[in-house]
Each structure stands twice: as structure tokens, then as C-alpha cells.
Amino acid sequence: LNMSELGFSSAIVVHMYRAIAADDGKTINALLNYYRRIYHIVGTVILCAGCAVIPFLPRLIRDSYPSDINLTAVYLVFLLDTALSYFLFAHYSCLLGAFQRNDLTTKIELLVKLLMYALQISALLISRNYYLYLFIMPLCTVARNLMTCFSARHVFPEYVPVGKLPENTTKDIG
């Protein structure tokens with residue numbers, strides 16, 4: 001399900017380069033707005049397709065798994081994690097990428113991963129609860145996306161997702 005984007009984020013950044021080179025803030029804002037809508041659509045498709053798979057989960061597992069594990073609950077946590085990454089400010093990571101500020105996204109990713117691993121290890125050592133361990137993952141996805149949004153808004157306060165693109169531009173992107 002994570003592959004449903006099919007390279008869309010790369011196409012987004014390429015289209016944003018033109019507007020950045022032209023210093024066209026209005027177009028950059030319209031692109032951000034368009035990307036936000038597209039990411040929400042992708043997130044919705046992932047969520048719906050993921051939910052449609054739930055009845056078939058037991059048939060998709062070849063080997064056995066521990067009987068005390070609720071396979072559906074585990075799957076839903078992973079599905080939630082994937083969907084949240086599209087719903088929460090994904091368009092701002094494209095903005096940072098287009099401006100070649102991957103240093104910020106890399107630092108955020110490193111910080112969040114370290115925090116996530118520390119929390120997960122602590123959760124296992126203290127509670128020995130696998131579900132708590134898993135649930136930390138989508139929480140950290142939310143934290144990563146919020147931090148990315150905050151960084152992008154701090155570095156580029158002039159860019160906000162508003163406006164509409166001309167139809168020929170949206171056809172060129174899609």
C-alpha cells in the first residue's frame with residue numbers, strides 16, 4: 001500500500017523547481033495546495049484499500065503467528081501509520097525537498113527515529129506490551145510530520161497551501 005504513491009512526490013518536486021526558479025510565490029502556494037489535496041486522496045485510497053484487505057489477512061499469512069497476537073490490530077496500526085504519513089502535512093516535505101533542504105528532513109527523521117526506538121525499547125522493558133510498542137510508531141509519524149511542517153513554515157513562512165493551479169498545469173503533473 002505504501003507504493004501507491006508511485007513516484008508522485010518526485011514529480012511534485014520537479015514541478016515545483018520551475019516556480020522556485022521563477023520566484024513565483026503564488027504558483028508555489030497553489031502547488032502546495034494541489035499537493036495537499038493529492039496526498040489526501042492517496043491517503044484515503046490507502047486507507048480504503050487497506051481496510052478492504054482486512055477480511056483476507058488470515059489467508060495472506062503462510063506461516064503461523066503467536067495466538068495471543070491480534071493480527072487485525074497489528075495490521076491496523078501499520079495501516080494507520082502509512083495513511084497518517086499522507087494526511088498530515090506531507091506536502092511540506094515536498095517544499096523542503098524542492099528547496100533542497102533535505103538537511104532539515106534528515107535531521108527530523110534521525111531525531112524521531114531515535115526517539116521512537118528509545119520509546120519502543122522502554123515500552124518493551126517496562127510493560128512488555130507489544131501493542132504499546134507498535135502504537136509508538138504512528139505517534140512518531142505524527143511527530144515527524146508536525147516537526148517537518150513546523151520547520152518548513154519557519155524557514156519558508158511565505159509559502160502556504162492556497163490558490164488554484166491552471167488546468168494545463170494539473171494535467172502536466174498527473
Rounded to the nearest 0.5 Å, the CG atom of L32 sits from the CG atom of L165 at a distance of 10.0 Å
Item to check | same_hphob_cluster(L76, L60) at 4.5 Å side-chain heavy-atom cutoff | outcome: yes
Item to complete: Would you kindly confirm whether F89 and M116 end up in one hydrophobic cluster when ILVMFWY residues are joined by side chain heavy atoms under 4.5 Å apart?
Response: no
Worksheet item: Should V142 and L139 be marked as a side-chain contact (heavy atoms from CB on, under 4.5 Å) after you check the CA-CA gap, both sets of side-chain angles, and the distance that decides it?
Response: CA-CA 5 Å; V142 169; L139 291 177; 5.7 Å; no
Margin query: Counting only heavy atoms from other residues, nucleotides and ligands, does the tally under 6.0 Å from OH of Y133 exceed 12?
Written below: no
- Task: Start with the C-alpha distance between L134 and Y130, add both sets of side-chain angles, then the distance that settles side-chain contact (heavy atoms from CB on, under 4.5 Å), and finish with yes or no.
- Result: CA-CA 6 Å; L134 279 180; Y130 181 65; 3.4 Å; yes
Closest heavy-atom pair, A73 versus Y131, reported as atoms and distance to 0.1 Å, is CB-CE2, 4.1 Å
Nearest heavy-atom approach of R36 to P161 is NH2-O, 3.4 Å
To the nearest 0.5 Å, atom CE of M147 lies from atom NZ of K107 at 11.5 Å
>> Looking at S93 and A90, would you say the former's side chain and the latter's main chain have a donor-acceptor pair under 3.5 Å?
In response: yes
Taking every heavy atom of A83 against every heavy atom of G43, the minimum-distance pair comes out as CB-O, 4.2 Å
* Asked: Within a radius of less than 6.0 Å around CZ of F150, do more than 12 heavy atoms belonging to other residues, nucleotides or ligands occur?
  -> no
Distance col, row L111:CG vs R144:CZ, nearest 0.5 angstrom, shows 12.0 Å
I'd like to know if the side chain of N33 reaches the main chain of G163, judged simply by a donor and an acceptor atom lying under 3.5 Å from each other, with no hydrogens or angles considered. yes
Could you check H91 against I38 for side-chain contact (heavy atoms from CB on, under 4.5 Å), going step by step and ending with a plain yes or no? CA-CA 9 Å; H91 51 287; I38 294 298; over 6 Å; no
Residue pairs passing the ring-ring contact (aromatic ring centres under 6.0 Å, His included) test with at least one member in residues 42-62, sequence neighbours excluded, are none
> In the single-linkage hydrophobic clustering (I, L, V, M, F, W, Y; side-chain heavy atoms under 4.5 Å), do M137 and L84 co-cluster?
Replying inline: no
- prompt: Among the clusters formed by ILVMFWY side chains lying less than 4.5 Å apart, do V53 and I61 turn up in the same one?
  reply: yes
Does any non-hydrogen side-chain atom of T44 lie less than 4.5 Å from one of Y86? no
Value for OG1 (T27) from OH (Y34), rounded to nearest 0.5 Å, stands at 14.5 Å
- Message: Between Q120 and F135, is there a side-chain heavy-atom distance shorter than 4.5 Å?
- Response: no
Looking only at heavy atoms, the pair that brings L119 and I136 closest together is O-CD1, 3.4 Å
message: Donor-acceptor check, side chain of N102 to backbone of T105, threshold 3.5 angstrom: yes or no?
response: no
**Prompt:** Can we call the ring centroids of Y159 and F99 under 6.0 Å apart?
**Reply:** yes
What one should report as the nearest heavy-atom pair of P55 and R59 is O-NH1, 4.4 Å
**Asked** Counting only heavy atoms not in F78, do more than 12 sit closer than 6.0 Å to its CZ atom?
**Response** no
Take T141 and L88 through the test side-chain contact (heavy atoms from CB on, under 4.5 Å) and record every step on the way to the result. CA-CA 9 Å; T141 296; L88 296 175; over 6 Å; no
Decide yes or no for D81 and V77: does some side-chain heavy atom of the first lie under 4.5 Å from some side-chain heavy atom of the second?
no
Check: D24 and I28 side chains under 4.5 Å, non-hydrogen atoms: no
Hydrophobic clustering (ILVMFWY, side-chain heavy atoms < 4.5 Å, transitive) - are I54 and I46 grouped together?
yes
D103 and Q100 have their tightest heavy-atom pair at OD1-O, 4.4 Å
Output for pair (L71 CG, Y75 OH), nearest 0.5 Å, gives 10.0 Å
Verify, without hydrogens or angle tests, whether Y92 (side chain) and S151 (backbone) share a donor-acceptor contact under 3.5 angstrom. no
The reported gap from OG1 in T72 to CG in L79 (rounded to nearest 0.5 angstrom) is 11.5 Å
Crowding at CG, D68 (>12 non-hydrogen neighbours, <6.0 Å): yes
